[in-house]
Amino acid sequence: MKCMFHVIDGRDKVMAMNHVRSVKGIIVSKEAIGVICQRTYSAGKAKKGSKGSAASDAPKASILSKEVKSTTVVGANILKDGADPKILADSEYPDWLWHLLDKCPALSELRRKNVETLPYEDLKRFVKLDNRARIKENNSIKAKN
């Protein structure tokens with residue numbers, strides 16, 4: 001890569017050289033990322049008769065028994081010395097847990113409703129989403145100016 005520039009004084013030359021170095025660094029890092037991110041394939045040959053065999057397509061049997069799977073949350077342990085937590089009865093869990101996946105109304109839906117009759121949680125969500133929308137609108141207006 002060649003850079004053409006007119007040298008007025010030493011500072012311009014230094015700036016140009018720094019620019020060339022930074023561009024080289026970007027090119028080298030892109031090539032490295034390309035090498036890292038390339039998908040590789042096995043070089044080994046397939047065995048005769050293995051094409052489409054049912055044995056290779058079948059899922060492997062789990063080493064955990066059905067009793068362990070039905071009484072514990074397998075893979076939920078985050079501690080080095082801990083054990084997977086046991087599954088409890090539904091009454092043992094807090095009430096808020098069962099509402100985590102409930103759908104919350106969107107801002108457009110909340111705007112169509114009467115603000116005076118909204119429940120507290122919906123009103124709180126409306127104020128939060130409305131403030132966020134106004135901030136985004138003000139930021140976009142400032143960016144245009």
Side-chain angles (χ1 to χ4, degrees), residues 1-6 8 11-47 50-145:
M1 178 180 200
K2 294 182 179 179
C3 288
M4 299 187 125
F5 56 93
H6 178 73
I8 296 174
R11 285 182 288 163
D12 290 337
K13 187 174 181 179
V14 170
M15 283 181 24
M17 292 305 294
N18 286 337
H19 177 69
V20 169
R21 285 185 194 124
S22 65
V23 171
K24 276 186 182 177
I26 292 170
I27 292 171
V28 169
S29 63
K30 279 188 179 182
E31 289 172 359
I33 290 170
V35 169
I36 291 169
C37 295
Q38 283 181 346
R39 183 174 179 172
T40 59
Y41 296 96
S42 162
K45 295 181 181 180
K47 295 179 185 176
S50 68
K51 187 175 183 181
S53 68
S56 64
D57 294 340
K60 300 204 179 202
S62 175
I63 59 172
L64 296 173
S65 68
K66 287 185 179 181
E67 288 179 22
V68 172
K69 286 182 183 177
S70 63
T71 59
T72 60
V73 183
V74 179
N77 177 32
I78 60 169
L79 303 174
K80 195 179 239 183
D81 298 329
D84 288 330
K86 302 286 183 195
I87 297 176
L88 305 174
D90 287 353
S91 60
E92 299 289 323
Y93 294 104
D95 291 332
W96 57 264
L97 181 68
W98 307 112
H99 301 289
L100 285 178
L101 297 178
D102 293 347
K103 295 284 184 182
C104 294
L107 179 60
S108 59
E109 187 178 329
L110 291 171
R111 282 184 174 157
R112 281 185 259 140
K113 294 180 180 179
N114 186 2
V115 178
E116 312 247 338
T117 60
L118 283 176
Y120 177 72
E121 291 299 319
D122 287 347
L123 183 62
K124 193 165 71 169
R125 180 169 171 78
F126 172 73
V127 169
K128 176 182 158 185
L129 294 177
D130 188 52
N131 282 339
R132 185 182 295 162
R134 282 189 291 111
I135 289 169
K136 284 184 177 181
E137 186 179 336
N138 287 340
N139 287 343
S140 67
I141 290 172
K142 287 179 185 176
K144 289 178 184 176
N145 292 336

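Within 6.0 Å of OH in Y93 there are more than 12 heavy atoms belonging to other residues, nucleotides or ligands. The environment of L101 atom CG is sparse: at most 12 non-hydrogen atoms of other residues, nucleotides or ligands sit within 6.0 angstrom. No more than 12 heavy atoms of other residues, nucleotides or ligands sit less than 6.0 Å from atom CG of D81. Counting non-hydrogen atoms of other residues, nucleotides and ligands closer than 6.0 Å to CG of L100 gives a total above 12.
Taking CG of D130 as the start and CD1 of I135 as the end, the distance is 10.0 Å to the nearest 0.5 Å. To the nearest 0.5 Å, atom CZ of residue R112 and atom CG of residue L107 are 10.0 Å apart. Taking CG of L129 as the reference point, atom CZ of R111 lies at 9.0 Å (rounded to 0.5 Å).
Residue E137 comes nearest to S140 through the heavy atom pair O-OG, 2.8 Å, listed as atom of the first residue, atom of the second, then distance. The two atoms that bring N77 and P85 nearest to each other are N-CD, 4.3 Å, heavy atoms only. Here the shortest heavy-atom pairing between F126 and V115 reads CE2-CG2, 4.3 Å. Nearest approach of H99 to D95, heavy atoms of both residues: CD2-O, 3.3 Å.
In this structure, the side chains of V73 and D84 stay at 4.5 Å or more apart for every pair of heavy atoms. Between L118 and R125, the closest side-chain pair of non-hydrogen atoms is not below 4.5 Å.
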